[in-house]
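Note that ligands are numbered from 1 as they come in the structure, with each ligand's atoms numbered from 1 the same way.
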Amino acid sequence: MSHIETMSTSSEKPTIFVTRRWPDAAEDALKQYFKPTFNVDDTPLTAAQIAAGFASHDALAPTVSDQITADIIAAGAAGSGRLIANFGVGVNHIDLSAAASAGLAVANTPGVLTDATADLTLTLMLMISRRAGEGERELRAGAWAGWRPTHLMGRSLSGKTLGIIGMGRIGKAVARRAALGFGMNIIFFNRSPVTDITEYDARQVADIDDLCAASDFVSLHCAASKDTFHILNEARLQRMQKHAYVINTARGDVVDEAALVKALNAGSIGGAGLDVFQGEPDIHPDIMSAPNTVLLPHLGSATVETRTAMGLKVVENARAFFAGDDLIDPVV
Ligand code: DGY
């Protein structure tokens with residue numbers, strides 16, 4: 001049973017129901033302007049708990065680990081809920097059309113997690129291509145037989161082609177690091193033309209199939225939506241080169257995990273570095289046992305600086321909303 005606790009502050013402040021704990025500095029900022037209710041134990045709340053919390057507060061501050069369904073939204077709107085201020089940029093866990101129909105406002109936290117997520121993308125690229133996870137497991141198992149010229153040889157990033165699907169803020173930050181820091185060639189797919197890249201060469205391609213065929217790394221940076229569901233599907237995985245890697249720091253839904261497992265087991269791709277999964281935090285056992293993978297527990301934005309900045313963004317958006325101003329980061 002979760003321990004939910006309302007902080008006693010001035011009762012004139014708007015109330016906000018916060019589903020998970022935040023870094024201290026962000027919780028302190030929230031307490032300054034709002035009367036927050038925290039899920040003190042930080043265990044996942046049930047849909048009924050979130051619905052009851054939203055219905056009895058002016059705002060709800062959920063995260064990617066909560067499913068904000070039409071039922072929760074209806075309960076909030078029927079009570080005192082007016083705003084969903086998401087802690088995170090991705091909003092695929094929120095039923096946005098239900099929120100819009102109920103007349104609720106929705107905000108998110110773009111921008112502040114771009115660098116952290118791009119850094120983690122490069123972390124996965126290096127870990128999988130330099131066999132870092134494999135090496136660490138070997139050493140910890142006491143199985144390292146010593147240095148030798150052929151031991152755990154990986155592949156360099158330099159001179160390789162990185163194919164980016166989704167050239168928004170995070171895609172561009174990854175491209176910049178890969179091109180300027182590691183000497184990689186960049187190609188990318190984006191629905192609309194991208195014309196503001198001046199620091200490095202990057203070629204926009206019209207076809208994801210071509211990107212998959214030409215890339216040594218395929219990295220996903222598109223938002224999850226019905227249009228991007230399984231955008232990296234079996235046919236596209238089959239276009240990839242035998243040595244090429246899939247990197248996903250976006251959302252589990254954008255990759256067909258069953259097809260990925262098949263490609264990994266068949267050795268038709270070189271490996272995968274994954275930070276996000278379908279049905280998190282449950283990881284499909286076939287993903288766990290697939291060869292040549294590096295698996296991380298959704299760490300993209302997990303730095304103290306970034307998670308604090310995300311919390312402060314929620315505070316800024318909620319302050320603007322309750323002051324009667326436009327949201328800074330409106331989603332709905
Ligand atoms: C986001 O903001 O969407 C992240 O994935 C959560 O850290």
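- Nearest to atom 1 (C) of ligand 1 by heavy-atom distance, out of I170, V89, T63, V276, is V89.
- The protein atom (non-hydrogen) at minimum distance from atom 6 (C) of ligand 1 is H298 NE2, 3.8 Å.
- By the 4.0 Å N-to-carboxylate-O rule, K172 lies close enough to D196 to be salt-bridged with it.
- Using bins of under 30°, 30° to 60° and over 60° for the plane-to-plane angle, the ring pair F87/W22 lands in the tilted bin.
- A side-chain N or O of D329 and one of N317 form a donor-acceptor pair less than 3.5 Å apart.
- Below 4.0 Å from some heavy atom of G90 lie the following atoms of ligand 1, by number and element: 1 (C), 2 (O), 3 (O).
- Remark: the H243 side chain and the D216 side chain contain an N/O donor-acceptor pair separated by less than 3.5 Å.
- Screening K313, E305, M310, R307 against L113 for a side chain to side chain contact (heavy atoms under 4.5 Å, CB included) leaves a single residue, M310.
- At a heavy-atom distance under 4.0 Å, only side-chain atoms of L113, from C-beta outward, approach ligand 1.
- The protein non-hydrogen atom at the shortest distance from atom 7 (O) of ligand 1 is S301 OG, 2.7 Å.
- Polar contact check, M310 against ligand 1: no nitrogen or oxygen pair lies under 3.5 Å apart.
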